[in-house]
Amino acid sequence: MQKMHTALIGLQWGDEGKGKLIDYLANSFDCIARYQGGANAGHTVIYKNKKISLHLVPSGIFHPQKICIIGNGVVIDIKQLEKELKELSEMNINFENRFFISKRAHIIQPKHFIIEKEIAKEIGTTGRAIGPAYADKIIRKGIRMCDILNDDYLRSRGISRNFIEDLINFKKNYGHFIADTVELLHQFNEERKRILFEGAQGVMLDIDFGTYPFVTSSNPTTGGILTGTGIPPFFISRIIGVTKAYTTRVGKGPFPTEMGKTQQDIIREKGDEYGATTGRPRRCGWLDLVAIKFAIKITGTTELAISKIDVLDNMEEIKLATEYKINGELTDRFPPESWKLENVEPVYKVFPGWIKTKGIKKQNDLPKEAKEYLRFIEDSAGIKVSLISNGNKRSDLIGD
Ligand code: GDP
Ligand code: IMO
Ligand code: MG
C-alpha cells in the first residue's frame, strides 16, 4: 500500500503564498485536498494572467485532470461555494467528476453570521462566521453536508424555512459533488495516486498553537489533516512548510517583529499586501525565526518553501529575528502566554540587501547576499529550502 503523500502548511499568520505554490505543485499530484478552515481563506492563483482568489475550492482546480476535495474538517458557506463554482464555470473550468465535497463537512448557518458580528471586532476576524460554525460543530448542533441529501431529516433539524430552501437548491445544483471523501482518499491511496493536502491559514493562527485568542477556530497544523480528511498519520511523508521571506499578519494580536510604519508601507506596496478575502491592509514585519522554528517543530515540516523573496529586492538591509528578549531575559522559545508575546523585544541579525531575485530560475544564480540570507534560515531551521518563489506567477519558482 502506498503512503507517500505531501502536505503544504503555512508557518506564519496565513497568506504565505499557499495558493500559488499549490497551483505550481499540483502538476506533480493527482489529488489536492483542503482539510480545515473555510472561506476565511483567500488563496490567490494567477490563471491566464488573471488574479483569482479561491476561498473554498482547492487551488489545484485549474489543472484539468486533477481531483479536488473539500475534506470534512472544512466549514462550508454554501453561498460562497456556489459563487466560486459559478465563477470557475464562467472561466470554462470543468470540474465535473473531479470535485468532491465531504458528506461530513459542516455547513455555516445564517445564525452564525449574527454571532460572528460580536467576535469580528474583538479578534479582527474575516467576518466569515468561521468561529460560530466550529462552535456549533463541537457542541453537536451542526448541520452536515450529508444532511441536505435527506429533506425529511433536514426539516427535523429546526432550521428556518428560508435556509432549508437554500440548502435544497444547493442540493439540486451541486448535490452530486457530495461524497464520502474518506473512502475516496483511501481508494486513491490504494490506486497509487498522489495526494497533496492544502493547508489554510497558518501555524500562528492555529486554535491550539497560535497566538490565542487572536487565532482562527481550526487546526492548520498537521493534526488537522488527519481529523480533517480521515487519513492516518503514516500517509504523510513530506511536509512543506511555507513562509514568506518576511512576515505579515491581518487582524489583531501580537506580532513581535512588526516593522515601523514607514517600513511597513514600503513592504505593503511592494508585496501588494492586502487581504485576499477582506481587502484589509496586512501588517508587515521581518522574518521571525523564533516563530518559524516553533512552527517547524509543531508541524514536522520536512522542507521549507520561501515565498515573495522578490519583495525584498533592492533593500539596503534586511533584518531577521533570531531570539526574543522578554522582561530582560533572552529566549529562542515561542511563549504560550499572550502577555509575554505582547512584550517581546526581538533580537535581530542584520543582513546586507541584494539587487534582484526576480526572474532568476536557479538557486545558484541568486545574488550572494540572498544566498547568505537563505543559508542562515536553513542552518537555523535545520532543514533545506527546497522551493523559492520570486513572483506571483506559476513560473516564478526556483526549485532545488
Ligand atoms: P495564501 O493565502 O497563502 O494562498 O496567500 P495569499 O494568496 O492570500 O497572498 C499571497 C499574495 O502574494 C497573493 O497576492 C499572491 O499572488 C502573491 N504572491 C505569491 N507568491 C509570490 C511571490 O513569490 N512574489 C510576489 N511578489 N507575490 C507573490
Ligand atoms: P489564508 O488561508 C490570513 C485571521 C483573521 C483573524 C483571525 C481569525 O488565506 O492564509 P477567522 O475569520 O478565521 O475567525 O479570523 O485569523 N485569518 C487569516 N489571516 N490568512 C488567512 O487565510 C486567514 N484566515 C483567518 O484575519 O485575525
Ligand atoms: Mg490568503
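In each ligand, atom 1 is the first atom listed, and ligand 1 is the first ligand listed. Predicted, not measured: the structure shown is a model, and the values here were computed from it.
- Shown in contact with Gly391 at under 4.0 Å from a heavy atom are these atoms of ligand 1, numbered in order with element: 20 (N), 21 (C), 22 (C), 23 (O), 24 (N), 25 (C).
- Protein heavy atom at the shortest distance from atom 4 (O) of ligand 1 is Gly19 N, 2.8 Å.
- Residue contacts with ligand 1: Asp396 is excluded, as none of its non-hydrogen atoms falls under 4.0 Å.
- Looking at Ile32 and Ile67, their side chains never come closer than 4.5 Å, going by heavy atoms from C-beta outward.
- The protein atom (non-hydrogen) at minimum distance from atom 18 (N) of ligand 1 is Asn392 CB, 3.7 Å.
- Metal site remark for the Mg ion (ligand 3): Gly42 contributes an N, O or S atom at a distance under 2.8 Å.
- Between Gly271 and ligand 1 there is no heavy-atom distance shorter than 4.0 Å.
- No salt bridge links Glu273 with Arg280; every basic N to acidic carboxylate O contact stays at or beyond 4.0 Å.
- Looking at ligand 1, you won't find any N or O of Gly14 less than 3.5 Å from one of its N or O atoms.
- Taking the ring centre of Tyr348 as origin, the terminal cationic atom of Lys319 falls inside the region bounded by 6.0 Å and 45° from the ring axis.
- Residue-level proximity to ligand 2 for Val215 is carried by the backbone, the only part with a heavy atom below 4.0 angstrom.
- Taking any N or O of Asp272, backbone or side chain, none lies under 3.5 Å from an N or O belonging to ligand 1.
- The closest donor-acceptor contact from the side chain of Asn150 to the backbone of Asp147 lies at 3.5 Å or more, if one exists at all.
- For atom 2 (O) of ligand 1, the nearest non-hydrogen atom from the set Ala245, Gly42, Ala41 comes from Gly42.
- For the residue pair Gln36/Gln201, the side-chain donor-acceptor check at 3.5 Å is satisfied.
- Looking at Trp13 against ligand 2, only its backbone comes within 4.0 Å, counting heavy atoms.
- The atom of Asp15 nearest to the Mg ion (ligand 3) is OD1, with the search restricted to N, O or S atoms.
- Residue contact check for ligand 1: Lys270 places no non-hydrogen atom closer than 4.0 Å to it.
- With hydrogens left out, the protein atom closest to atom 26 (O) of ligand 2 is Arg280 NH2, 2.8 Å, a heavy atom.
- Closest to atom 23 (O) of ligand 1, if we only count protein heavy atoms, is Ser389 OG, 2.5 Å.
- Between the side chains of Gln187 and Glu183, no donor N or O sits under 3.5 Å from an acceptor N or O.
- In terms of protein heavy-atom proximity, atom 20 (N) of ligand 2 is nearest to Asp15 OD1, 3.0 Å.
- An N or O contact shorter than 3.5 Å links Gly42 to ligand 2 by distance.
- Using cut-offs of 30° and 60° for the angle between ring planes, the Phe255 and Trp13 rings count as tilted.
- Residue Arg282 touches ligand 1 through its side chain alone, judged by heavy-atom distances below 4.0 Å.
- By the criterion of a heavy-atom distance under 4.0 Å, both the backbone and the side chain of Asp15 are placed next to ligand 1.
- Of the protein's heavy atoms, Lys308 NZ, 2.8 Å lies nearest to atom 12 (O) of ligand 1.
- Counting heavy atoms from C-beta outward, Ile398 and Leu387 have side chains that stay 4.5 Å or more apart.
- For the 3.5 Å distance criterion, the side chains of Asp15 and Thr248 fail to qualify, holding no donor opposite an acceptor.
- With a 6.0 Å cutoff to the six-membered ring centre and a 45° limit on the axis angle, Lys349 counts as a cation-pi contact of Phe376.
- Contacts of Asn40 with ligand 2, taken as heavy-atom pairs under 4.0 Å, involve both backbone and side chain.
- Checking Asp136 against His112 by side-chain atom types alone, a donor-acceptor pair falls below 3.5 Å.
- Contact annotation: the side chain of Lys18 approaches that of Val242 to within less than 4.5 Å [non-hydrogen atoms, C-beta and beyond].
- Using a 4.0 Å cut-off between heavy atoms, Lys20 contacts ligand 1 through its side chain alone, with no backbone atom that close.
- Using a 4.0 Å cut-off between heavy atoms, Ala276 contacts ligand 1 through its side chain alone, with no backbone atom that close.
- Using a 4.0 Å cut-off between heavy atoms, Val311 contacts ligand 1 through its side chain alone, with no backbone atom that close.
- For the residue pair Asn343 / Asn327, no side-chain donor-acceptor distance below 3.5 Å is found, with atom types taken as modelled.
- Neither the backbone nor the side chain of Arg128 has any atom closer than 4.0 Å to an atom of ligand 2 (non-hydrogen atoms only).
- Between the side chains of Ser218 and Thr216, not a single donor N or O lies within less than 3.5 Å of an accepting N or O.
- Using a 4.0 Å cut-off between heavy atoms, Arg249 makes no contact with ligand 2 at all.
- Regarding atom 5 (C) of ligand 2, its nearest protein heavy-atom neighbour is Gly124 O, 3.6 Å.
- Close N/O approach between Thr125 and ligand 2 is not found [any backbone or side-chain N/O within under 3.5 Å].
- Donor-acceptor pairing under 3.5 Å is lacking for the side chains of Asn390 and Asp396.
- Donor-acceptor pairing under 3.5 Å is recorded for the side chains of Glu198 and Ser59.
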